Structures are given as structure tokens and as C-alpha cells.
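Single-structure report; data block below.
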Amino acid sequence: MVGRADPTQAWVSFCQHRPRECHIDLSQPARITLTPGTWAALTQVNERVNSSILAVTDQDHWGVLDRWDYPDDGLGDCEDIQLLKRKLLVQTGLPHRALRMTAVIDDQGQGHAVLMVLTDQGDFVLDNKRNAILPWRWTGYTFIKREGTSGKAWVALGDQAAPTVTANR
């Protein structure tokens, strides 16, 4: 981590509408113990959400450039899909604090959002572009910033400028 980073405006709006989703509970662990059961939950949720949500741009879906929300109608872009994964993983008992929304530059050079799972065996990425859960270094992405674990501020993960829009799908 390099330092503090500003979240996207779409994240700020999401937090204003759903403050519980952005609250950091410092009593929760910042990292989870990666057990076979935890891995199974991660894999199941990742594959289920990837297969059930149709990826569409915010422009096509909502008529706006960038909006973060749950894909309750079965449509959403990458950050919407990751938010749903996080919600479902929290429902399985995983600590919200260890499941961090993360902005990256993908292999196409586009802004993209993934869910980073902080574990005692390294940080892993859930992605709507693949069902495989990979260590963050194996994704081929450039990591820009993610939610912090100790407050509302995001943390910079590199020295590249962040895109103003997280993703197109």
C-alpha cells in the first residue's frame, strides 16, 4: 500500500444510500483464516453470481456513466457484481472488513472492479471475468486502490492515476 486514495464519486453515492455497506467494524478481523470451507464458500458465490448476472454497462443499464448498486434485476457491471458477491459472502459469515472493493486496470487497459479477499494466506481476487479465484499477483491487472480496513478512506495500491470510472462491464 502506498497511502490514502479517494474513492470514486459513484462509491461515495453508494455509501450515502447504503451506509451499512461502507461501515468498517474494527472488531471484525481484517484478514480471514483460509480454510477449505471458506474456499468453498468463495468459489460457490463467485461462480453463482458470475453465471446469474448479465454484465452491462451503467450507461446501458441506468443511463449514467458510473453507478454502484446491487444487480437486483439481474443486470450490472463489474462493481455491482462484486458488491453482490460481498453481500452474499457476509451472509455466509465472512467478515465484511476482509472483503474489500478494489479498483484495477484490466488486461485491456480499462478501469475494472474486483473483490479482494484478505486472508492469512495472501490476498485473492474474485472477478466477474473469470470463475477462477486467483492470488492478486496472478490476475495480470494493475492494482490502483481499494477500500481500507481501518476507516472510510481508500488506500492506494500503486503509483498510477486511477480512472474516474471504474468499469464498462
Side-chain angles (χ1 to χ4, degrees), residues 5-25 28 32 41-118 123-134 136 139-149 152-157 161-169:
D6 291 325
T8 65
Q9 184 54 49
W11 172 258
V12 173
S13 295
F14 175 76
C15 291
Q16 289 170 345
H17 290 39
R18 298 180 187 266
R20 280 183 91 191
E21 295 301 317
C22 303
H23 173 73
I24 302 289
D25 181 350
Q28 291 184 342
I32 58 173
L42 294 171
T43 301
Q44 180 186 38
V45 166
N46 193 52
E47 291 177 3
R48 187 172 89 211
V49 173
N50 284 352
S51 67
S52 65
I53 304 299
L54 179 63
V56 297
T57 66
D58 285 333
Q59 190 65 53
D60 290 341
H61 190 204
W62 305 109
V64 296
L65 192 58
D66 197 23
R67 174 178 166 177
W68 291 40
D69 208 343
Y70 291 111
D72 294 335
D73 60 358
L75 304 172
D77 66 359
C78 57
E79 71 270 354
D80 307 327
I81 293 168
Q82 307 324 319
L83 286 167
L84 177 58
K85 289 176 189 178
R86 180 167 75 175
K87 180 179 179 181
L88 295 173
L89 289 166
V90 167
Q91 289 173 0
T92 71
L94 294 181
H96 185 268
R97 186 176 177 204
L99 306 169
R100 304 287 78 196
M101 293 296 294
T102 306
V104 303
I105 303 295
D106 69 12
D107 50 358
Q108 308 288 313
Q110 301 293 312
H112 184 52
V114 296
L115 183 64
M116 186 179 286
V117 181
L118 310 179
D123 300 337
F124 292 86
V125 169
L126 279 66
D127 191 353
N128 61 297
K129 294 186 177 194
R130 60 174 68 103
N131 284 331
I133 298 171
L134 300 176
W136 71 271
T139 63
Y141 297 157
T142 301
F143 284 73
I144 305 300
K145 60 186 176 179
R146 71 166 168 75
E147 289 179 273
T149 58
K152 289 188 179 186
W154 281 48
V155 293
L157 300 173
T164 57
V165 175
T166 324
N168 55 15
R169 284 188 203 237

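These numbers come from a predicted model, not from an experiment. Residue numbers run from 1 in the order of the sequence given.
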Taking atom [atom1] of [X] and atom [atom2] of [Y], what is their separation to the nearest 0.5 Å?
{"X": "Glu21", "Y": "Lys87", "atom1": "CD", "atom2": "NZ", "result": "7.0 Å"}
{"X": "Met101", "Y": "Leu83", "atom1": "CE", "atom2": "CG", "result": "4.0 Å"}
{"X": "Asp58", "Y": "Leu75", "atom1": "CG", "atom2": "CG", "result": "11.0 Å"}
{"X": "Leu157", "Y": "Asp123", "atom1": "CG", "atom2": "CG", "result": "9.5 Å"}
{"X": "Asp77", "Y": "Leu54", "atom1": "CG", "atom2": "CG", "result": "11.5 Å"}

Using the side chain to side chain contact (heavy atoms under 4.5 Å, CB included) rule, take Leu88 and Arg48 through it: C-alpha gap first, then chi angles, then the decisive distance, then the call.
-> CA-CA 10 Å; Leu88 295 173; Arg48 187 172 89 211; 3.3 Å; yes
When you measure from the side chain of [X] to the backbone N and O of [Y], does any donor-acceptor pair fall under 3.5 Å?
{"X": "His17", "Y": "Ser13", "answer": "yes"}
{"X": "Gln28", "Y": "Pro95", "answer": "no"}
{"X": "Arg100", "Y": "Met116", "answer": "no"}

Side chain to side chain donor-acceptor pair (under 3.5 Å) involving Asp107 - partner list, sequence neighbours excluded |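 Partners of Asp107 by the side chain to side chain donor-acceptor pair (under 3.5 Å) criterion come out as none, since no residue qualifies.
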Steps toward salt bridge (Lys or Arg N to Asp or Glu O under 4.0 Å) verdict (Asp80, Arg67) = CA-CA 8 Å; Asp80 307 327; Arg67 174 178 166 177; over 6 Å; no
Side chains of [X] and [Y], heavy atoms from C-beta outward: is any pair under 4.5 Å?
{"X": "Asp66", "Y": "Glu79", "value": "yes"}
{"X": "Val125", "Y": "Phe143", "value": "yes"}
{"X": "Leu94", "Y": "Arg86", "value": "no"}
{"X": "Leu115", "Y": "Leu89", "value": "yes"}
{"X": "Ile53", "Y": "Leu84", "value": "yes"}

Identify which one of Asn128, Asp127, Thr102 satisfies the side chain to side chain donor-acceptor pair (under 3.5 Å) criterion when paired with Gln82.
->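 By the side chain to side chain donor-acceptor pair (under 3.5 Å) criterion, Gln82 pairs with just one of Asn128, Asp127, Thr102: Asn128.
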Has Arg130 got its NZ or CZ under 6.0 Å from the middle of the six-membered ring of Tyr141, at an angle within 45 degrees of the ring axis?
->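 Checked: cation-pi criterion met.
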State plainly whether the residues Lys145 and Asp6 are in salt-bridge range, i.e. N to O under 4.0 Å.
-> no
